[in-house]
Amino acid sequence: MTLSFKLIAFWLFIFGPLTAVALSPADTSSKKSPLQMEASGYRLNDYTLFLKDAITFFKQDSVDKGMELLSKTIKNIRSQRDVKRIMPYQGYEIISLIEDINSSNLSPAEKQLGKTFFKIVFTTQPGDKNSDNVWDGLLKNAPNTVFTQRLKLLTASLKGKSATGLELIRLLNNNPGLVSANIMKAEALFDQHKYKECITYCDKTIAAWPQYAHAYHVRAQCYNKLDKPENAVADYDKAIQFSPGYFIFYYDRADCLLDLEKYREAATDLRLTLRLRPNYNWTYYNLTRCYKNMNMPDSALYFINQHISQNTDDGDGYDLKGDIYCARNEYETAITLYTQAINLEPERRTFYADRGDAYYYSDKLDEAINDLQKAISIDKSYPFPYDRIGDCFYKKKQYETAITYHQKAIKVNPEYKYAYVGLNLSYTQSGKYQEAIDAAKKAVAIDSTYATALGNLGWSYYCAGKFDDCIKYSYKALKYQEDATYAMFNIALATLAKGEAEKAKQLYAGFLKTCKEKNYEIRDGATEDLRDLIKKKVRVEESKFIIEHIFEQKVQ
């Protein structure tokens, strides 16, 4: 591809759209009026006409007039909104070169070289290698100044040559604070997935020009790749501060805010994205994620329907919509949506896993196992399907088979805490209390705040007759999940089992009052465990009293 085509394509297809957005500030108010895409004084069409007139002058060998018009265009644009701040290397450098040619900072020879560069790129026909050869000859014989080195580097990049070549190394060695060279190096390192090294050159770029929004954007992307979303958000804040009208900063910041579970702030950014760039990319999809996680299913459904209407062949859209219905316990509808996703992309293991999960919750255990086995056949390194198959067999009361699948999940990922909880339940039901205790402890070792694991550990200790340990870990479960009512009543039950009847009665009464005041669900197990004591002829009178006078239920 020749120099001319690449540069003109840059101006017409990249610079123009960015200018249209950058000329208008972001509307951060709550009103719903459409964003104005034209700024006072100049319209996008004016800049297009200026560019066409400049090309005409270059073709007529009126190089000075062509450069004058290009310089005027850049000056007028930057007087209203500094689009240079959002430009990547090539755009930044092209604008810089035009401004330098129109300044008094260059020698006459450098100015002439620069003008010749723009004349060649605007007049050469695609495929004309002769013009490229002429330009290469001019560069070879030009004085070895910083301006000439910059032209050589830009030429190399426009022709698709490596951005980390000798010209870039030479330029950085001689001018370590040069903005264009540092951002080019940063972009090259980002493309090579060398994010820590990229940050170093972003730092140098920002030190040289603290208002360069694009440099903050690149550094933010690095932090995001390095799983440092807080740092990324801070850089997006800076990018938006220096260029508040560029939609991509809001869109990308929302992605980091989603990772930080700041769903309301993410939704605000995504709505701004839509005002600046209607229907952009997966904005509706990400808005759905926000509202789903804010427990606003109606809003989530509205936005996922918008996404699906624009992306009818996108399986992820149907899958996410299925998740919304699953969260509402509408499993049949969810299964239908997951099936649509599977029909569109039949080799996506997550779709089978999600449908298998919906089958599991709707107690269609054989269908669930089939789907989960399919997910495993697609990707054997994914622990969830093994673990959920174990849950299915637990529901079927086939505990040994359940244990086998939970162990398979752990083999795939030893840090998968949920599988240890599954093991704990199956071991407990099998009467293997020490194994159950060990499994729950491993889950707690992975996540010390995992309330379910702590509560289950407490119950396993109760089954093993270690009532003080049951009370200890049940209280820990309540610390991290205040509505863990099973843990409340396990504390009271263990206290009763210790022989402290009056204290147990007080605990039962207090926990029951808390549940009623805070509208917590009281499971049947709270009284079933007491009835079990009666059957075993243990604490019979105390258990009857609690059932009849505290829970106000009849004892058969």
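Only heavy atoms go into these numbers, but all of them, side chains included; no hydrogens, no water, no symmetry mates.
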Does the side chain of Y427 come within less than 4.5 Å of Y433's, by heavy atoms? no
Between atom OG1 of T527 and atom NZ of K554, what is the distance when rounded to the nearest 0.5 Å? 15.0 Å
Taking all non-hydrogen atoms of both residues, which atom of A451 and which atom of A477 are closest, and how far apart? O-CB, 3.5 Å
Just one of T333, D323, D357 clears the side chain to side chain donor-acceptor pair (under 3.5 Å) bar with Y338, so which one? D323
What's the verdict on side chain to side chain contact (heavy atoms under 4.5 Å, CB included) for D483 and K518, showing C-alpha distance, side-chain angles and the deciding distance? CA-CA 9 Å; D483 65 343; K518 296 190 176 183; over 6 Å; no
Going from NE2 on H217 to CG on D235, what distance comes out if it is rounded to the nearest 0.5 angstrom? 10.5 Å
Are Y450 and Y480 close enough that their ring centres sit under 6.0 Å apart? no
Hey, is E502 close enough to K505 for a salt bridge, meaning N to O under 4.0 Å? yes
In this structure, is the centre-to-centre distance between the rings of H406 and Y386 below 6.0 Å? no
Is there a donor-acceptor pair under 3.5 Å between the side chain of S377 and the backbone N or O of K374? yes
Heavy-atom closest pair, residues A439 and L423: CB-CB, 3.9 Å
Taking only Lys NZ, Arg NE, NH1 and NH2, and the carboxylate oxygens of Asp or Glu, determine whether K364 and E332 approach each other closer than 4.0 Å. yes
Let's go through E230 and Y223 carefully: what are the C-alpha distance in whole Å and the side-chain angles of both, what is the deciding distance for side chain to side chain donor-acceptor pair (under 3.5 Å) to 0.1 Å, and is it a yes or a no? CA-CA 8 Å; E230 296 93 344; Y223 282 130; over 6 Å; no
Nearest heavy-atom neighbours spanning M87 and Y212: O-OH, 2.5 Å
Taking the side chain from T288 and the backbone from I304, do they hold a donor-acceptor pair closer than 3.5 Å? yes
Take the angle between the ring planes of Y246 and F249 and call it parallel below 30°, perpendicular above 60°, tilted in between. perpendicular
Answer with yes or no whether the side chains of Q310 and N279 bring together a donor and an acceptor at under 3.5 Å. yes
Is there a side-chain contact between Y89 and H214, using heavy atoms and a 4.5 Å cut-off? no
So do C470 and Y475 actually touch side chain to side chain, heavy atoms under 4.5 Å? no
For the pair Y284 and F303, name the ring-plane relationship: parallel under 30°, tilted 30 to 60°, perpendicular over 60°. parallel
Can you see whether R355 engages T339 through a side-chain donor-acceptor pair at a distance of less than 3.5 angstrom? yes
Could you pull out the closest heavy-atom pair between I437 and N424, with the gap in Å? N-ND2, 4.3 Å
Taking atom CD1 of I550 and atom CD of Q553, what is their separation to the nearest 0.5 Å? 11.5 Å
Are Y394 and Y399 an aromatic pair by the rule of ring centers under 6.0 Å? yes
Any chance you could lay out the salt bridge (Lys or Arg N to Asp or Glu O under 4.0 Å) test for E400 and K432, step after step, and finish with the verdict? CA-CA 11 Å; E400 291 303 318; K432 299 177 180 179; 3.3 Å; yes
Under 3.5 Å, is there a donor-acceptor pair between the Y195 and H193 side chains? yes
If you define the side chain from C-beta out and look only at heavy atoms, does anything of I308 sit under 4.5 Å from D314? no
Classify the ring geometry between Y280 and F247 as parallel (under 30°), tilted (30 to 60°) or perpendicular (over 60°). perpendicular
Do S460 and T428 have side-chain N/O donor and acceptor atoms under 3.5 Å apart? yes
Where the side chain of D387 meets the backbone of P383, is there a donor-acceptor pair that is under 3.5 Å apart? no
Nearest non-hydrogen partners of D255 and R289, listed with the distance: OD1-NH1, 4.4 Å
Please report the C-alpha distance between N293 and E261 in whole Å, then the side-chain angles of each, then the deciding distance to 0.1 Å, and finally whether the side chain to side chain contact (heavy atoms under 4.5 Å, CB included) criterion is met. CA-CA 8 Å; N293 283 295; E261 299 182 1; over 6 Å; no
K536 and D532 ion-paired at < 4.0 Å: yes
Assess the residue pair D259 and K228 against the criterion (salt bridge (Lys or Arg N to Asp or Glu O under 4.0 Å)); give the C-alpha distance rounded to whole Å, side-chain angles, the decisive distance to 0.1 Å, and a yes or no. CA-CA 10 Å; D259 289 340; K228 295 182 178 180; over 6 Å; no
If you measure from CG on L372 to OH on Y352, what distance do you get to the nearest 0.5 Å? 12.5 Å
With a 3.5 Å distance limit and no angle check, can you tell me whether Y331 reaches the backbone of Y360 through a side-chain donor-acceptor pair? no
W459 and D529: side chain to side chain contact (heavy atoms under 4.5 Å, CB included), yes or no, with the steps? CA-CA 11 Å; W459 178 248; D529 293 331; 3.7 Å; yes
Show, in sequence, the C-alpha distance, side-chain angles and deciding distance for R531 and I547, and conclude whether the side chain to side chain contact (heavy atoms under 4.5 Å, CB included) test is met. CA-CA 8 Å; R531 296 177 196 276; I547 293 171; 3.7 Å; yes
Cationic tip of K408 above Y405 ring, under 6.0 Å, 45° of axis: yes
Is there a donor-acceptor contact under 3.5 Å linking the side chains of S381 and D379? yes
Taking the six-membered ring where the residue is Trp, are the ring centres of Y416 and F384 under 6.0 Å apart? no
Closest heavy-atom pair and its distance - S243, A213: CB-CB, 4.0 Å
Is any side-chain heavy atom of Q306 closer than 4.5 Å to a side-chain heavy atom of N311? no
Quick one: CD1 on I199 to CZ on F190, what's the gap to the nearest 0.5 Å? 10.0 Å
Salt-bridge present (R253, D237; N to O < 4.0 Å): yes
Taking side chain as C-beta onward, heavy atoms only, is F511 less than 4.5 Å from T485? no
Is the F489 to F551 ring centre distance short of 6.0 Å? yes
Whether Y473 and Y461 hold their rings parallel, tilted or perpendicular, with breakpoints at 30° and 60°: parallel
Checking salt bridge (Lys or Arg N to Asp or Glu O under 4.0 Å) for the pair R388/D391: CA distance, chi angles, key distance, verdict? CA-CA 5 Å; R388 185 58 88 208; D391 295 337; 2.6 Å; yes
Is the number of heavy atoms from other residues, nucleotides or ligands within 6.0 Å of NZ (K395) greater than 12? yes
Reported CD-to-CG distance for the pair E548 and L530, which is rounded to 0.5 angstrom: 11.5 Å
Any non-hydrogen side-chain atom of Y325 less than 4.5 Å from a side-chain atom of L337? yes
Expected output: side-chain S362 to main-chain Y359 donor-acceptor under 3.5 Å: yes
Find out whether K292 and L320 are in side-chain contact, i.e. whether some heavy atom of one side chain is under 4.5 Å from a heavy atom of the other. yes
R348 and D319: CA distance, side-chain angles, deciding distance, salt bridge (Lys or Arg N to Asp or Glu O under 4.0 Å) verdict: CA-CA 11 Å; R348 290 283 297 278; D319 185 67; over 6 Å; no
